[in-house]
Amino acid sequence: MTAAAPRPLVVVGDVLLDQDIDGEATRLAPDAPAPVVDVAVDRSRPGGAGLAAVLAARQGREVVLVTALGDDTASQTVRNALTPGVKLVELPLDGTLPVKTRIRAGGRPLVRVDRGGGTPGNPGPDALAALRDARAVLVADYGRGTAAALRQQLGAAARRVPLVWDPHPGGEQPVPGARLATPSAAEARALLGSARHALSGDADSLHAHGGRGARLAERWRAAAVAVTLGERGAVLALPHSENPMYVPAPHRAQGDPCGAGDCFAATVAGALADGALPEEAVQLAVAEAAEFVTAGGAGNPALWDLPGGPGTRPTEPRRPADAHALAEAVRARGGTVVATGGCFDLLHAGHVGLLQNARRIGDCLIVCVNSDASVGRLKGPGRPINPVADRIRVLSGLGCVDAIAVFDEDTPEPLLRQLRPDVWVKGGDYSADALPETAVLRDWGGRALVLPYLDGRSTTELARRAALGPHPSTQPATSPLHPRQCQ
C-alpha cells in the first residue's frame with residue numbers, strides 16, 4: 001500500500017520581483033550632483049511571498065505557493081527562479097508584476113525604484129484544493145490583493161490548521177483564529193494608527209511593543225502576535241495580556257536585513273507545522289533570521305545559486321556546530337577555543353553562570369558532556385536523571401554554547417586531545433594546577449582556568465530536596481560543595 005504524500009506548507013501572498021544593481025560610485029554626473037554607479041552585478045530574484053516560499057522550501061519540506069502572476073517578463077522571471085523548489089499555483093494577474101529595484105554603491109543603498117503592479121483575479125480550483133490540503137498556511141501579505149482574493153478560504157483554513165499571517169499596513173487584516181501574526185515594530189505602529197509616536201522615548205520599550213502586539217491580537221482575534229524588532233529579536237504577546245515574552249537575538253546580526261521578515265515568518269510557519277508551540281517557533285525564528293541577515297539576507301547569492309535551483313537543498317534548524325570542525329575553524333582564523341565539561345544533569349544557576357563566563361574568555365565555547373554510561377559510573381544508581389539527548393537539547397538552548405561533544409570515558413582527557421582547546425574552564429574553589437586536565441593541556445600549549453562557582457548549587461542537592469519535598473528553608477547551603485559535585 002502506498003503511503004500518503006506529506007501535506008505541504010502553503011504560502012499565500014503577493015510575489016514581487018526584487019532587483020539588486022550593485023556597483024561603485026567614484027564620481028558625480030556632469031549634468032547634476034548625482035553619483036554615477038558603475039554596475040558590477042545585476043541580480044533579479046523573487047521577493048515577497050516568493051522569497052518566503054523559497055526559504056520555507058529550504059527547510060526540506062514540500063511547499064506550495066499560491067500567488068498571482070501574469071504574462072509579463074517579471075512574472076516569467078519569477079517562475080523560472082522558483083522552479084523546481086516550490087510548486088506554483090497561479091491566480092491570474094490583471095496588469096504586471098511589481099518590480100522593486102535597489103541601486104547600491106559599495107554595498108550601501110542609493111535609491112529604490114518601484115514600478116509595475118496589477119490586480120489578482122479569482123482563485124481557481126487548484127488554489128482552493130491547495131488550501132484544503134495544507135498542513136499549515138503562511139500568508140505573506142504585501143497589500144497587492146492576493147490575500148483578499150482568498151480571504152474566505154483562509155478563514156476556513158485557520159479553523160483547521162496553524163495559520164501564520166505576515167501583515168502589511170496596506171493589506172488585509174489577519175483572519176480570526178490565526179495562530180500567529182508577525183508584524184514588524186513599524187508595521188504594528190502603523191496598523192494601530194500610532195506611527196506619530198514612534199520617536200517618543202517610551203514607544204520603543206519592550207513593554208510598549210508588547211502592548212501593541214496584545215492590542216493587535218485582540219483586534220484580530222489571533223491566538224498571538226509576534227512583533228519583530230530587527231537586531232533586538234521579537235516580542236510575543238497574547239490577547240488581553242500585560243506580560244509579553246521577549247525573545248532576544250542570539251547575537252547582533254550585521255548584514256543586509258532585506259528579507260529578514262520573510263525568513264522569520266517562514267521559519268515560524270514551518271515550526272508550527274511540525275507541532276511546535278508559538279513560544280518555541282518564535283525562538284527558532286529569531287535565531288534563523290539573525291543567521292539569515294549575517295549571511296547577507298535575500299541578496300546573498302548562495303541563497304539562489306544552488307544546483308537545480310532554489311529550494312533543492314534542505315536545511316535543518318540552527319543547532320550548535322560540530323565541535324571538532326568549529327575548533328579547527330576558530331584556530332585557523334587565530335581565535336581562542338574555550339572548552340568546559342561536566343554531566344549537566346539538572347541545569348541550574350551555577351552551570352549557567354559558569355558557561356556564560358567561560359564564553360566571554362574566547363571566541364567559541366565547546367561543552368564536553370558525560371555520556372549516560374559515564375554519568376552512571378561517576379554518580380551511581382539513579383543517575384543520570386536526564387538522558388544525554390535531553391541534556392544536549394537543554395545546553396543547546398543557551399546562546400553562550402557554540403558546540404557540544406559527548407564523551408563516554410570517566411574523564412574528558414581523550415576528547416580534549418582531539419579538540420585541543422586553548423583554554424579549559426572549570427568551576428570551583430581550587431587552583432588550576434590541581435585540575436587533572438592541566439597536564440594534558442600543556443601538551444599543546446593550552447591552559448586551565450578556574451572560575452568562581454555559585455555556592456550550594458548542585459544536581460545532587462536539587463535531587464535530594466526534590467525527593468524530600470517542600471522544606472521550610474529554601475535557601476541553598478552556605479558551605480561550598482566540592483567542585484566535582486557541582487557538575
Side-chain angles (χ1 to χ4, degrees), residues 8-23 39-58 62-104 111-131 138-150 166 168 171 258-259 262-263 265-266 296-313:
L9 170 63
V10 177
V11 179
V12 176
D14 309 300
V15 170
L16 319 169
L17 181 65
D18 286 341
Q19 291 183 325
D20 280 341
I21 298 176
D22 288 296
V39 176
V41 177
D42 186 346
R43 290 193 181 93
S44 297
R45 63 181 186 277
L51 174 61
V54 168
L55 292 170
R58 285 174 62 89
E62 183 183 353
V63 174
V64 175
L65 172 60
V66 180
T67 192
L69 294 174
D71 298 327
D72 54 301
T73 302
S75 294
Q76 191 56 48
T77 301
V78 165
R79 290 187 184 95
N80 294 338
L82 289 174
T83 308
V86 175
K87 179 183 176 181
L88 262 176
V89 174
E90 296 186 24
L91 277 64
L93 180 66
D94 182 12
T96 60
L97 199 70
V99 180
K100 297 181 179 293
T101 303
R102 293 192 302 173
I103 301 176
R104 305 187 299 184
V111 66
R112 197 183 88 177
V113 179
D114 291 1
R115 61 185 184 273
T119 303
N122 294 325
D126 289 347
L128 305 183
L131 285 172
L138 167 60
V139 181
D141 187 4
Y142 277 75
R144 301 281 178 166
T146 304
L150 285 158
D166 193 10
H168 187 281
C258 181
D262 296 301
C263 178
N300 176 17
L303 180 65
W304 308 97
D305 298 338
L306 296 176
T312 58
R313 184 179 65 189

Val12 vs Leu131, test: side chain to side chain contact (heavy atoms under 4.5 Å, CB included). Steps then yes/no. CA-CA 9 Å; Val12 176; Leu131 285 172; 3.9 Å; yes
Closest heavy-atom contact between [X] and [Y]?
| X | Y | value |
| --- | --- | --- |
| Ala127 | Val66 | CB-CG1, 3.9 Å |
| Ala130 | Val64 | CB-CG1, 4.1 Å |
| Ala68 | Pro120 | CB-CB, 3.7 Å |
| Thr67 | Gly13 | OG1-O, 2.7 Å |
| Leu55 | Gly259 | CD1-O, 4.5 Å |
| Ala265 | Asp166 | CB-OD2, 4.0 Å |

Got a second to check how far Leu17's CG is from Gln76's CD, nearest 0.5 Å?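 The distance works out to 11.5 Å.
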Report the distance from atom CD1 of Ile21 to atom OG of Ser44, rounding to the nearest 0.5 Å.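 Interatomic distance, Ile21 CD1 to Ser44 OG, rounded to 0.5 Å: 8.0 Å.
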[Y] side chain reached by [X] side chain, heavy atoms, under 4.5 Å:
| X | Y | value |
| --- | --- | --- |
| Val78 | Ser75 | no |
| Leu138 | Val10 | no |
| Leu82 | Asn80 | no |

Verdict with supporting geometry, Arg79 and Leu69, side chain to side chain contact (heavy atoms under 4.5 Å, CB included): CA-CA 9 Å; Arg79 290 187 184 95; Leu69 294 174; 3.6 Å; yes
For Ala53, side-chain contact (heavy atoms from CB on, under 4.5 Å) partners two or more places apart: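 So Ala53 forms a side-chain contact (heavy atoms from CB on, under 4.5 Å) with Val11, Val63, Leu65, Val86.
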Is a donor on one side and an acceptor on the other found under 3.5 Å between the side chain of Arg45 and the backbone of Ala298?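 At least one qualifying donor-acceptor pair exists.
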For a side chain to side chain contact (heavy atoms under 4.5 Å, CB included) check, start with the C-alpha distance between Arg144 and His168, then their side-chain angles and the critical distance, and finish with the verdict. CA-CA 10 Å; Arg144 301 281 178 166; His168 187 281; over 6 Å; no
Pairs under 3.5 angstrom only: tabulate donor-acceptor contacts from the side chains of residues 91-103 to other protein residues two or more places apart or in another chain.
residue, atom, partner, partner atom, Å
Thr96, OG1, Gly117, N, 3.4
Lys100, NZ, Asp114, OD2, 3.1
Thr101, OG1, Gln19, OE1, 2.8
Thr101, OG1, Arg115, NH1, 3.3
Arg102, NE, Asp20, OD1, 2.9
Arg102, NH1, Asp256, OD1, 3.4
Arg102, NH1, Asp256, OD2, 3.4
Arg102, NH2, Asp20, OD1, 3.3
Arg102, NH2, Asp20, OD2, 3.1
Arg102, NH2, Asp256, OD2, 2.9

Under the rule for side-chain hydrogen bond (donor to acceptor under 3.5 Å, both in side chains), what residues qualify as partners of Asp14, not counting sequence neighbours?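 For Asp14 the side-chain hydrogen bond (donor to acceptor under 3.5 Å, both in side chains) partners, ignoring immediate neighbours, are Thr146.
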